[in-house]
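Since we're looking at a predicted model, the values are computed, not measured. In what follows, every chain begins at residue 1, and chains take the letters A, B, ... in the order their sequences are listed.
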Amino acid sequence: MDENTCYSAIMEIITILDLLKIDAKEGGFLQLKCIAGKQGLGRRITASRISRPGLPLSGFFDSFSAISLQVFGRGEQKYLAKLESEGNFDTIDQMFSYDIPCCIFSDSGEPTPHFAQKAEEVGCPILQSPLLSSALSRRIYQILDVEFAPAMTIHGVLVEVFGIGVLLTGESGVGKSETALELLERGHRLICDDIVKLRNINDTMIIGSGENAQVAHHMEIRGLGIINVPDLYGIGAIREKKQVQLWAELEDWDPGKDYERLSGEDTKRDLLGIKIPYTVVPVKPGRNIPIIIETAARLQRLEKFGFHVADKLDSQVMDYLESRLYRSEDM
Amino acid sequence: MIQKEIVVSNHAGIHTRPAALIARVASGYKSSLHFQKDSMDVNGKSVMGIITLGCPYKDRITMICDGEDEQALASAIEKLFQNKFEEQ
């Protein structure tokens, strides 16, 4: 890793309240509402797992995953009702003796009276969702996978150019923000400036976003100060998050350094364990960096469609050389 | 100024990869590099220029180096041709 690029690992802390907020932001993806134990909404979720607590309710607490979100499907709900009708509260009390983050009732199920009272007592939130337990579990995993994805922040700018997520990095003052500004002017979009938060989603892609939604779409331009991008360029000029598909590092032109002379030379660089196409773009007066970034994004799109410029040119040149060779042998 | 005739010794001829290699090596020197063949004269620091020459196997071209480090440049380029650009 370069010295001039700041990397820092992020420790995520998410609470039950955060989960409800995420749900609301995603348009009711989980359709959760809190029906008891509201004082415990600050409880932390520390594992990206869910548990179906049928066995603990029947008295078997070995390997009970207390740190997981406890999902009560119809089976668990029926069993709970049976326990309470029999006046058998031991396992319920024992379960609440663990520091469980929350209980989620699927199928719009209601907790039994003793269960709800116990949850209020210990301050364990009870959430309810109309979804089936199978669908609910899948969707919870989808959210937790993103929230618990390995993440880091990097000093740079993330822009979307022709649909390609381009991460611009480089030393302070090399012109990252100015490049992004010109790209905005040319109709591309800004995801965030200065601090880019990157997440590894299921080891298949890197998603970049602003660390803080309130400041992500502001930019500092030397000589102007802070500007607000959607105010100046319209709401179409911004995006909340985007997959990083190209990493362009801007650096001052070093005459002693070799820069890429053919496109398609397989240069990739590791970002949170995923290889991202990487290119070093030398900066010097007279070089229009935004146009170079645009062209790099176009090339990247071509490659995604299986078209490799350098390979195609090479095969054309080879055919030509071969024809010349035979011609000279005939003479 | 150094002027010398060199022979393309790799079977594939000067396709894009060798051309990029020549341009990259040449860019590390201050002297200018030109290749001449028939009526063509191309800049040896330009990949597209070198490809345009269209040099197949056993082709002979003239290399012209000019500048303060011309000797070093000429021997570096000659070495690339002798080593068949690390190909067959």
Between the CG atom in Leu313(A) and the CE atom in Met48(B), the distance rounded to the nearest 0.5 Å is 5.5 Å
From Thr16(B) OG1 over to Lys312(A) NZ, what is the distance, rounded to the nearest 0.5 angstrom?
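One finds 13.0 Å between OG1 of Thr16(B) and NZ of Lys312(A).
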What are the two closest non-hydrogen atoms of Gly54(B) and Arg324(A), and how far apart are they?
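Heavy atoms of Gly54(B) and Arg324(A) come nearest at O-NE, 3.5 Å.
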Minimal non-hydrogen separation, Leu321(A) against Pro56(B), with atom names:
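It is O-CB, 3.4 Å.
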Flag if over 12 foreign heavy atoms under 6.0 Å of CD, Gln243(A)
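Atom CD in Gln243(A) is crowded, with more than 12 foreign heavy atoms closer than 6.0 Å.
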Please check if atom NZ in Lys37(B) has more than 12 non-hydrogen atoms from other residues, nucleotides or ligands closer than 6.0 Å.
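Counting other residues, nucleotides and ligands, NZ of Lys37(B) exceeds 12 neighbours.
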Portion of Leu21(B) that has a non-hydrogen atom of chain A nearer than 4.5 angstrom
neither
Walk me through it: do Asp314(A) and Arg17(B) pass the test side-chain contact (heavy atoms from CB on, under 4.5 Å)?
CA-CA 8 Å; Asp314(A) 198 39; Arg17(B) 203 196 62 85; 5.5 Å; no
